[in-house]
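Per chain, numbering begins at 1; letters A, B, ... match sequence-line order.
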Amino acid sequence: MMDADSPPSNFIRDIILADIASGKYGGRVHTRFPPEPNGYLHVGHAKSIMINFGLAEEFGGKCNLRFDDTNPTKEDQEYVDSIIEDVRWLGGDFGDRVYYASDYFDQLYEWAIELIKKGKAYVCDLSSEEVRRTRGTPTEPGQNSPYRDRSVEENLNLFERMKNGEFPDGARTLRAKIDMASPNLNLRDPVMYRILHAEHHRTGRKWCIYPMYDWAHGQCDSIEGITHSICTLEFEDHRPLYDWFLDQLGIYHPQQIEFDRLNLTYTVLSKRKLLQLVEQGIVDGWDDPRMPTISGMRRRGYSPAGLRAFARSLGVSKTNGITEFEKLEYYIRQDLNRTSPRVMAVLRPLKLVITNYPEGQLEWLEAVNNPEDPSAGTRKVPFGREIWIERDDFCEVPPKGYYRLYPGNEVRLRYAYIVTCEGVVKDPVTGEIQEVHCRYDPSTQSGQPSRKVKSTIHWVCAAHAIPIEARLYDKLFTVEDPNQVPEGQDFLAYLNPNSLEIVQGKAEPALASAQPGDRYQFERLGYFAADKSSRPDHLVFNRTVELRDTWAKLQKRL
RNA sequence: UGGGAGGUCGUCUAAUGGUAAGACUGCAGACUCUGGAUCUGCGUAUCGGGGUUCGAAUCCCUGCCUCCCAGCCA
């Protein structure tokens, strides 16, 4: 989880340090990661996971995985399963501490009765519409519910009957009796329980009343002995309520601390919007490689270590900002560069014929598997008279600064020979270039000392090439912040129509054994990972991220 | 126009009264059998105005801007 470098300082760590120094919580550090199982985890959760699990690990404490499953209408076992898988994959160590708010429904119910007995909660018969109308506005106080002063006995009776299923959905709620004039809307007699005759993914039909987030969260933290309850900024306004419930109950009181959630350019990170992309079939499920979900990034080829490095680089503050997508890509490349075996593949094949290379001759040339990791060793790559090269690596009329293949120019074929272009074969009708003809210099075999050439290009031996499908992904959105939309539009207006391009390419034989999930660097192109659908007779690779390409950058400027 | 929280390079983060630092991005160069990687260099910032102080990003006053809150969602 912590990987190599020492974690940067941040304000939450400072608080923990101070708490340890003062002996608060007996020097313990116990955090929790509390997702609601109503969607898949995304890269924003990765940040939260790193903070919560990372802090626990750093201070020799623990971090629980706890599902905030208080709303059965939106939650599902599928999400629970995916969340457990994703947290594990990222390296979150929760041991056997997988908990559920629903584990505590009985205790919560008992505590609600206790608040009723203390005159701190009451059953309210107002409809949701009436509650809204009487809540007031930010500038005007609300009005007390006409049911606010029911007797304890009546409240107890009604609450029990709510639990027993005697009333339909929405008929009544249990509300905390706080202050309808509070400037903090969360304190205007917030709802603690609502009636929901719904099947819960864990408790089934046992309950027809379900606790609201505010009533559940702090008490769950308390039960689990959490010390630092870390959440995102939008809960800042809820902290007084978090504290109020704990204080009224007089139970162990953890400390809520809020930090800024992650925002990424060209990305949406709201479960509602991600769900919409999935449900409308705009993407191929929650794990579509274009999704910012953990499962999507995994399928795309992002590594846990790369994602962790990114999350660690983020820092923790209370500033609302937006992190550049390039930063994510930097950390992914950095990890993949160290760990990915290199291989040669051609995405848009163009035939190259070496006219002075003997017909039928074949050589197996030595290629380095990973220049960043000598222990990865070498492999043999077949070479013959006809090879495939990238269409981009040939240009009949080269622009300024282009130093790949063009008539009269020479380049090195990676791990092979220097070749000189002597002509092309074109389709007589369309004029399209069908073949490039070159001569090779047999004295320039790789490994031998020879003259320098400006460019080295990759290639695949035609006689031994295996077909591959490559899925080339680009950003899902065309604008930095798809959440900023003009009136009357929604974020879908900014979908990138070219976020996926599928090409049929050629690869060296080493790729034949690729298993789903295997990661490679296709030399000079980028990092690719075998898709979950990839089979030996139909290899499919997802482009994880391109290599930095200074030539492409130069061209874009023109 | 209520309450809460924030404003430091283009972006993110640090500096906790004492030389405004780092990362990403960008630009320039070196090196290179990946126009990759690596290395070097360059650039740009304390929201405005007052004040306290020998000294202010930091403390005080004031103004401005941004974000969050009126779910029986979390």
Side-chain angles (χ1 to χ4, degrees), chain A residues 8-10 14 34-36 38 68 70-71 73-75 124 126-129 131-133 135-142 169-175 182-188 190-196 209-210 212-214 216-217 231-240 258 260 262 265 271-272 313-331 333-334 337-338 342 344 368 371-372 401-404 411-416 418 444 446-447 450 452-458 480 521-526 546-554:
Chain A
S9 167
N10 68 60
D14 292 344
E36 182 189 14
N38 68 342
D68 224 327
T70 58
N71 185 357
T73 65
K74 291 191 176 165
E75 295 153 8
C124 178
L126 256 24
S127 68
S128 58
E129 172 61 25
V131 169
R132 188 189 323 147
R133 266 205 326 265
R135 186 161 18 232
T137 70
T139 52
E140 304 161 294
D169 287 2
R172 291 177 220 265
T173 56
L174 183 72
R175 291 226 257 165
S182 172
N184 181 344
L185 289 309
N186 294 118
L187 263 21
R188 319 246 263 226
V191 172
M192 296 166 61
Y193 276 98
R194 76 284 217 187
I195 299 172
L196 243 33
I209 56 171
Y210 289 92
M212 298 288 290
Y213 166 85
D214 287 303
H217 205 90
C231 61
T232 43
L233 251 28
E234 68 269 26
F235 292 102
E236 234 155 6
D237 281 348
H238 295 244
R239 182 161 16 101
E258 310 86 12
D260 62 318
L262 172 67
T265 55
K271 283 201 224 170
R272 202 205 97 234
S313 78
L314 255 18
V316 184
S317 75
K318 291 171 83 87
T319 319
N320 258 310
I322 185 161
T323 297
E324 290 172 333
F325 197 81
E326 289 75 8
K327 185 166 189 164
L328 208 206
E329 294 194 319
Y330 170 83
Y331 284 97
R333 284 196 192 99
Q334 180 181 264
N337 178 48
R338 299 197 318 254
R342 316 284 132 124
M344 289 198 285
V368 173
E372 307 293 323
Y402 185 91
Y403 42 82
R404 273 110 95 152
V411 299
R412 171 170 290 284
L413 296 174
R414 179 86 155 144
Y415 297 124
I418 291 176
T444 58
S446 189
S450 68
K452 300 265 184 220
V453 287
K454 197 86 167 130
S455 183
T456 298
I457 67 174
H458 63 280
E480 282 207 350
Q521 184 198 98
F522 290 2
E523 292 221 27
R524 302 209 306 134
L525 297 173
E546 291 178 89
L547 254 22
R548 281 184 57 204
D549 187 344
T550 47
W551 170 242
K553 200 182 291 176
L554 275 174

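Among the protein residues, T137(A) comes within range of the nucleic acid bases, having at least one heavy atom under 4.0 Å from a base atom. As judged by a 4.0 angstrom heavy-atom cut-off over every strand, I322(A) is placed among residues touching the sugar-phosphate backbone only. Looking at heavy-atom distances under 4.0 Å, P141(A) makes no contact with the nucleic acid at all. In this structure, F522(A) reaches neither bases nor backbone, as no heavy-atom distance under 4.0 Å exists between it and the strands shown. Using a 4.0 Å heavy-atom cutoff across all strands shown, K454(A) reaches no nucleic acid atom at all. Residue R135(A) is classed as a sugar-phosphate contact, given heavy-atom separations below 4.0 Å to backbone atoms only. Backbone-only contact: D260(A) has heavy atoms under 4.0 Å from sugar-phosphate atoms and none from a base. Within the 4.0 angstrom heavy-atom criterion, base atoms lie near G401(A). Contacts of G170(A) with the nucleic acid, taken as non-hydrogen atoms under 4.0 Å apart, include base atoms. Residue contacts for Y403(A): at a heavy-atom cut-off of 4.0 Å it reaches a base atom on one of the strands shown. If you check every strand for non-hydrogen atoms under 4.0 Å, G447(A) touches a base. Looking at heavy-atom distances under 4.0 Å, E36(A) makes contact with sugar-phosphate atoms alone, never a base. If you check every strand for non-hydrogen atoms under 4.0 Å, H238(A) touches a base. Across all strands shown, V368(A) has no heavy atoms under 4.0 Å from either base or sugar-phosphate atoms.
Here C73(B) presents its P atom at 12 Å from CG of D214(A), a figure rounded to the nearest Å. Whole-Å rounding puts the L547(A) CG to G36(B) C1' distance at 4 Å. Atoms CZ (R132(A)) and C1' (C72(B)) sit 10 Å apart, rounded to a whole Å. Atom CD in E258(A) sits roughly 13 Å away from atom C1' in C69(B) (whole-Å rounding). For the pair D549(A) CG and U32(B) C1', the computed distance is 16 Å after rounding to whole Å. In this structure, the CZ atom of R338(A) is 19 Å from the C1' atom of U34(B), given to the nearest Å. What separates CG of N186(A) from P of C73(B) is a distance of 14 Å, to the nearest Å. Protein atom CZ of F325(A) is 17 Å distant from nucleotide atom P of C12(B), rounded to whole Å.
No donor-acceptor distance shorter than 3.5 angstrom exists from the side chain of R194(A) to the backbone of G170(A), with no hydrogens or angles considered. D237(A) places no side-chain N or O within 3.5 Å of a backbone atom of N184(A) that could act as its donor or acceptor partner. No donor-acceptor pair under 3.5 Å is formed between the side chain of T173(A) and the backbone N or O of R175(A).
When distances run from any side-chain atom of S317(A) to the nucleotides A14(B), C72(B), U34(B), the shortest one goes to A14(B). Nearest nucleotide to the side chain of M212(A), out of U13(B), U34(B), G71(B): G71(B). Distances from the side chain of E234(A) to the nucleotides C73(B), C12(B), C68(B) place C68(B) closest.
If you take atom P in C72(B) and the same atom in C60(B), they sit 38 Å apart, rounded to whole Å. Between U16(B) and U46(B), the two C1' atoms lie 15 Å apart (nearest whole Å). Of the P atoms belonging to A57(B) and G7(B), the separation is 15 Å, rounded to the nearest Å. One C1' atom belongs to C59(B), the other to A23(B), and the distance between them is 30 Å to the nearest Å. Taking atom C1' in both U13(B) and G36(B), the straight-line distance is 28 Å, to the nearest Å. With both ends at atom C1', the span from C47(B) to C9(B) equals 14 Å, rounded to whole Å. Comparing the same atom, C1', in C42(B) and in G10(B) gives a spacing of 16 Å after rounding to whole Å.
Glycosidic conformation of G55(B) is anti; the angle lies outside 90° of 0.
Between T323(A) and A171(A), the one whose closest nucleotide on RNA chain B sits nearer the 5' end is T323(A).
Where RNA chain B pairs in unbroken runs of 3 or more (Watson-Crick or G-U, both distances under 3.5 Å), the stems are B:2-7 with B:64-69, B:10-13 with B:21-24, B:26-30 with B:38-42, B:47-51 with B:59-63.
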Task: Per-nucleotide protein contact string for nucleotides 2-7 of chain B, where B marks a base within reach and S marks sugar-phosphate only (heavy atoms under 4.0 Å, - for neither) - done: BBSSS-

Open item on the list: Base contacts versus sugar-phosphate-only contacts with protein, heavy atoms under 4.0 Å: please encode nucleotides 23-29 of chain B as B, S and - from 5' to 3'.
Closed with: SBSSSS-

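Heavy-atom contacts from other residues, nucleotides or ligands closer than 6.0 Å to NZ of K318(A) number more than 12.
Checked options R524(A), E523(A), R414(A); the residue passing with H458(A) is R524(A) (criterion: side chain to side chain donor-acceptor pair (under 3.5 Å)).
With rounding to the nearest 0.5 angstrom, the CG atom of L413(A) is 5.5 Å from the CD1 atom of I457(A). Distance OG1/T70(A) to NE2/H217(A): 10.0 Å, rounded to 0.5 Å. Interatomic distance, CG of L126(A) versus CZ of R172(A), reported as 11.5 Å (0.5 Å rounding).
Donor-acceptor pairing under 3.5 Å is lacking for the side chains of S127(A) and E129(A). Side chains of R412(A) and S450(A): a donor-acceptor N/O pair is present below 3.5 angstrom, by distance only.
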Task: Verdict with reasoning, Y330(A) to Q334(A), per side chain to side chain donor-acceptor pair (under 3.5 Å) - done: CA-CA 6 Å; Y330(A) 170 83; Q334(A) 180 181 264; 3.2 Å; yes

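In this model, the phosphate group of G36(B) is approached by a side-chain N or O of T550(A) to a distance below 4.0 Å at OP1 or OP2. Taking only side-chain nitrogens and oxygens, T70(A) comes nearer than 4.0 Å to OP1 or OP2 of A74(B). The phosphate of G35(B) has OP1 or OP2 within less than 4.0 Å of a side-chain N or O from R524(A).
Minimum interatomic distance between E36(A) and N71(A) (heavy atoms only, all atoms of both residues): OE2-CB, 3.9 Å.
At a cut-off of 3.5 angstrom, counting only N and O atoms as typed in the model, there is a donor on one side and an acceptor on the other between the side-chain of E372(A) and the base of G36(B).
A stacking contact between Y213(A) and A74(B) is absent: the pair does not combine a ring-centre distance of less than 5.5 Å to the base's six-membered ring with planes differing by less than 30°.
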